[in-house]
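So the structure is just underneath, and the comments pick up after that.
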Amino acid sequence: MHDHEALPMVPIRSARGVWLQAHDGKRYLDAISSWWVNLFGHAHPRLDAALREQIGTLEHVLLAGFTHTPAIELAERLVALAPNGLTRVQYADNGSSAVEIALKLAFHHCRNRGDAQRTQFIALAGGYHGETLGALSVTDIPLYRETYAPLLLTPLTAASPDASLAEPGESARDVAVRAADALDTLLAEHGASVCALIVEPLVQCAAGMRMHDPEYLRRARAACDRHGVVLIADEIAVGFGRTGTLFACEQAGISPDLMCLSKGLSGGYLPLSAVLATEAIYQSFYDEYTKLRAFLHSHSYTGNALGCRVALEVLNIFRDEPVLARNHALAAHLADAIAPLARHPQVRNLRQTGMIAAFDIVDAHGHAFDWRERRGLHVYRHGLERGVVLRPLGHTIYFMPPYCITPDEIDFMVGVAREGIELAIA
Ligand SMILES: *Cc1c(COP(=O)(O)O)cnc(C)c1O
């Protein structure tokens, strides 16, 4: 709160494409997709038009005993696009709520199949799944979690497959195998009391864009199967083309039992989320009322018609335009633009997965800066001065731009970050 005495909030009047425009007329390139939600740019003509059409037709109706075309069509389209085996959709209205639903579904599914002793979750070191108490319980970022720790569930923590934890001579895949072995050990000891493992596939975003080899997901899938554990893929940040494929799980060739979607789901327009589930999970709840096996969970705005309609238009854009192919070209340009940073003496762990790129800044001796030094704040401040929204996570600087960014805009964004680094390490 103190920071804002020197850094007042920037009031944004309008936005178009990658550019935000402030009330004083200054423009800012949205290099972080407004916290990872925006896909195709701000004020996208097709998304605007879809929303306009839906307003005036149906804005919202309860999704209990009633339904509507956008909710039905969106569910059908998501099931068709999702990894094999995910056949059912439960809506909610934000990412944290989707995670709450997935955790409750996993536990309740085990209970429905006669496994009520499975009351524990396994979460990864450095994982982030949201701010509500259940989602925060499976989050392992002390800054967000520690204050509330006395209120939270205590999951088992499995080693992160983060490739930057490689020992000398180890490849990203080696780290993934090592982490999967540790997961096996954890499951061998506690497997019978565990209902679910929750992971962020390929990129642990909030932890500082920590990336891992897909081999981890293949091995985690197999380990969950061996131990009767539900695998929850939290694709809230990595879904919808961010990592190079529509869903990150595709790169490992696996299907989770539950998949959480939000953020890009509605193109950055409206709060909406969905949890996709397997038929086996769905069927374990399917029974007569008096058996009390049903999943009693709803939010007032579950499956909001405006959100569903704009999400459908997002999928239409993926259908009609070569979004992933264009992203591959942009990601290649981004890779070239950041490549020189690999030679910078105070840059470490330069990494990229699709449209997400990141690196860490270190002190002159190659050691991590103390978090209290807040060197990233210099990069943030410099970005604001030069008109780029860069929002480092501690001493990790990252880029996650909307997919409509141009090669020139990528060069500008990376150039401003490079200037920022020099100020930050000075
Ligand atoms: C942002 C995020 C969430 C939480 O979503 P909200 O809509 O902010 O509640 C959960 N998991 C991951 C991986 C996220 O990045």
Side-chain angles (χ1 to χ4, degrees), residues 30 32-39 90-106 121-141 143-145 148 152-153 155 158 160-162 196-212 216-217 220 231-243 247-249 256 258-276 297 299-304 307-308 310-311 314 353-356 358 391-394 396 398-400 402:
D30 187 356
I32 59 166
S33 296
S34 284
W35 255 352
W36 324 341
V37 299
N38 192 287
L39 295 184
Q90 164 87 40
Y91 289 115
D93 48 22
N94 65 82
S96 302
S97 296
V99 169
E100 299 289 340
I101 287 170
L103 297 175
K104 285 175 68 178
L105 276 177
F121 298 104
I122 300 182
L124 300 194
Y128 177 85
H129 301 287
E131 309 287 0
T132 53
L133 293 180
L136 190 59
S137 293
V138 289
T139 288
D140 181 48
I141 298 180
L143 181 63
Y144 309 142
R145 190 182 200 283
Y148 307 101
L152 303 177
L153 304 170
S160 170
D162 171 9
L197 165 70
I198 184 164
V199 299
E200 291 164 89
L202 296 190
V203 189
Q204 294 184 295
C205 293
M209 304 299 159
R210 303 285 149 193
M211 302 180 183
H212 58 259
Y216 182 76
L217 301 172
L231 176 60
I232 304 171
D234 177 351
E235 293 232 10
I236 290 167
V238 294
F240 299 99
R242 203 64 81 169
T243 66
F247 299 112
C249 281
L258 294 167
M259 184 162 86
C260 302
L261 300 174
S262 190
K263 292 198 167 118
L265 171 62
S266 55
Y269 268 59
L270 285 163
L272 180 70
S273 62
V275 181
L276 276 60
H297 184 118
H299 297 286
S300 305
Y301 282 101
T302 291
N304 172 258
C308 288
V310 81
V314 165
T353 303
M355 291 292 282
I356 309 173
R391 214 168 183 284
L393 293 155
T396 296
Y398 74 93
F399 308 104
M400 203 198 280

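Ligands are counted one by one from 1 in listed order, and the atoms in each one are counted from 1 as well.
- Although no hydrogens or angles enter the test, the distance criterion places no donor-acceptor pair under 3.5 Å between the side chain of Arg210 and the main chain of Ser160.
- Protein residues having at least one heavy atom under 4.0 Å from any atom of ligand 1 are Trp36, Asn94, Gly95, Ser96, Tyr128, His129, Gly130, Glu200, Asp234, Ile236, Ala237, Lys263, listed by chain and number.
- In terms of modelled atom types and a separation under 3.5 Å, the side chain of Thr139 and the main chain of Tyr128 share no donor-acceptor contact.
- Counting non-hydrogen atoms of other residues, nucleotides and ligands closer than 6.0 Å to OH of Tyr398 gives a total above 12.
- A donor-acceptor pair under 3.5 Å links the side-chain atoms of Ser266 to the main chain of Leu270, judged by distance alone.
- In this view, His297 and Phe295, His299 satisfy the ring pair (Phe, Tyr, Trp, His ring centres under 6.0 Å) rule, not counting sequence neighbours.
- Val199 is listed as a side-chain neighbour of Leu231, based on a closest heavy-atom distance under 4.5 Å.
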